[in-house]
Enquirer: 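Okay, handing you the structure first.
The structure displayed is predicted, hence computed values, not measured ones.
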Amino acid sequence: MDRFRRASAAALLTAVALAGAVGGAAASSGVPAPPSGERAQDLATRPALSAHATARSVAAWEEFRIHGSARNISSGTPVTLQQKQGERWVTLPATIKTAGSGEYSLRVKLGITGENALRIVGGGAVSPVVRTTVTPVVTPVVPATVN
């Protein structure tokens with residue numbers, strides 16, 4: 001994970017350096033220039049959450065995990081699962097505190113069948129949406145025995 005963070009930081013620094021070099025060209029092409037100065041620094045220090053599901057499809061009430069990491073959020077900060085229901089994000093009774101490393105792993109069981117849009121919120125951040133499809137549980141029918 002440490003190697004990933006270093007690579008991400010290097011990519012961000014490279015992107016910022018390149019943005020400064022091509023900022024004039026971007027403005028003349030009609031593409032908005034990337035943030036600079038204090039605004040870029042604000043974006044780099046803004047709280048952020050990542051989220052990944054261990055399964056793309058599960059049976060109703062089958063357990064899976066949503067895991068990820070928190071950036072610029074204190075360790076021990078609670079993060080909570082939300083589910084999109086219609087047009088609203090509904091907070092589910094699933095909360096866990098981030099570890100000292102900023103990572104979390106939350107056990108999840110869903111009963112609403114179909115595609116479920118999920119996200120993690122906490123510490124002033126909202127993760128990207130994770131989608132998991134929940135299929136109905138099929139109970140086999142056992143024929144009655146005739147005596």
Side-chain angles (χ1 to χ4, degrees), residues 1-23 25-27 29-142:
M1 193 63 166
D2 218 8
R3 184 173 50 186
F4 174 75
R5 285 186 186 146
R6 279 183 262 153
S8 296
L12 177 63
L13 292 175
T14 303
V16 170
L18 289 174
V22 297
S29 68
V31 176
S36 61
E38 291 177 28
R39 186 155 178 242
Q41 187 176 9
D42 289 344
L43 290 174
T45 59
R46 181 179 296 164
L49 289 166
S50 68
H52 309 279
T54 58
R56 292 179 141 236
S57 180
V58 295
W61 305 113
E62 179 182 351
E63 184 177 295
F64 67 101
R65 288 187 174 267
I66 302 250
H67 63 91
S69 60
R71 190 182 76 233
N72 299 322
I73 295 175
S74 302
S75 63
T77 299
V79 293
T80 303
L81 180 66
Q82 289 187 335
Q83 179 183 45
K84 185 100 182 238
Q85 295 180 4
E87 296 299 315
R88 296 183 38 199
W89 284 100
V90 176
T91 299
L92 300 180
T95 299
I96 194 165
K97 292 181 180 180
T98 58
S101 63
E103 296 179 352
Y104 68 89
S105 182
L106 185 64
R107 292 185 296 190
V108 180
K109 292 182 181 183
L110 299 173
I112 297 176
T113 58
E115 185 178 82
N116 282 259
L118 306 166
R119 70 182 185 183
I120 300 292
V121 297
V126 178
S127 76
V129 174
V130 175
R131 298 187 188 283
T132 299
T133 301
V134 178
T135 57
V137 176
V138 178
T139 307
V141 177
V142 179

Enquirer: Can you spot which of Q82, Q83, R88 makes a side-chain hydrogen bond (donor to acceptor under 3.5 Å, both in side chains) with Q85?
Expert: Q83
Enquirer: Would you find more than 12 non-hydrogen atoms of other residues, nucleotides or ligands less than 6.0 Å from R107 atom CZ?
Expert: no
Enquirer: Does L110 reach the side chain of W61, with side-chain heavy atoms less than 4.5 Å apart?
Expert: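 No, every pair of side-chain atoms sits at 4.5 Å or beyond.
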Enquirer: List the atom of L49, the atom of A70, and the distance in Å for their closest heavy-atom pair.
Expert: CD2-CB, 3.6 Å
Enquirer: If you compare all heavy atoms of A99 against all heavy atoms of S75, which two are closest, and at what distance to 0.1 Å?
Expert: O-CB, 3.3 Å
Enquirer: Hey, could you give me the OG/CD1 distance between S105 and I66, rounded to the nearest 0.5 Å?
Expert: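 These two atoms lie 9.5 Å from each other.
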Enquirer: Do any N or O atoms from the side chain of N116 and from the backbone of T133 form a donor-acceptor pair under 3.5 angstrom?
Expert: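 Checking the backbone N and O of T133 against the side chain of N116, no donor-acceptor pair under 3.5 Å is found.
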Enquirer: Is there a donor-acceptor contact under 3.5 Å linking the side chains of T95 and T80?
Expert: yes
Enquirer: To the nearest 0.5 Å, how far apart are CD in E115 and OG1 in T132?
Expert: 8.5 Å
Enquirer: Checking S69 against E103: is there a side-chain donor and acceptor pair closer than 3.5 Å?
Expert: no
Enquirer: Side chain of S127, backbone of A51: donor and acceptor closer than 3.5 Å?
Expert: no
Enquirer: What closest approach, in Å, do T135 and S57 show between heavy atoms, and which atom pair accounts for it?
Expert: CG2-OG, 4.0 Å
Enquirer: Quick one: pull up CG in L81 and OG1 in T91 and give me the separation to the nearest 0.5 Å.
Expert: 9.0 Å
Enquirer: If I compare all heavy atoms of I73 with all of A125, which pair ends up nearest, and what's the gap?
Expert: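 Heavy-atom minimum between the residues: CD1-CB, 4.0 Å.
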Enquirer: When rounded to the nearest 0.5 angstrom, what is the spacing between CZ in F64 and OG1 in T54?
Expert: 7.0 Å
Enquirer: Give the C-alpha distance, both sets of side-chain angles, the deciding distance and a yes or no for side-chain contact (heavy atoms from CB on, under 4.5 Å) between W89 and V126.
Expert: CA-CA 12 Å; W89 284 100; V126 178; over 6 Å; no
Enquirer: Atom CZ of R119 and atom CZ of R131: how far apart are they, to the nearest 0.5 Å?
Expert: 11.5 Å
Enquirer: Determine, step by step, whether V79 and L106 satisfy the side-chain contact (heavy atoms from CB on, under 4.5 Å) criterion, reporting the C-alpha distance in whole Å, the side-chain angles of both residues, the deciding distance to 0.1 Å, and the verdict.
Expert: CA-CA 9 Å; V79 293; L106 185 64; 6.0 Å; no
Enquirer: Looking at G68, is its backbone amide N or carbonyl O close enough to the side chain of S50 to form a donor-acceptor pair, meaning the two atoms are under 3.5 Å apart?
Expert: no
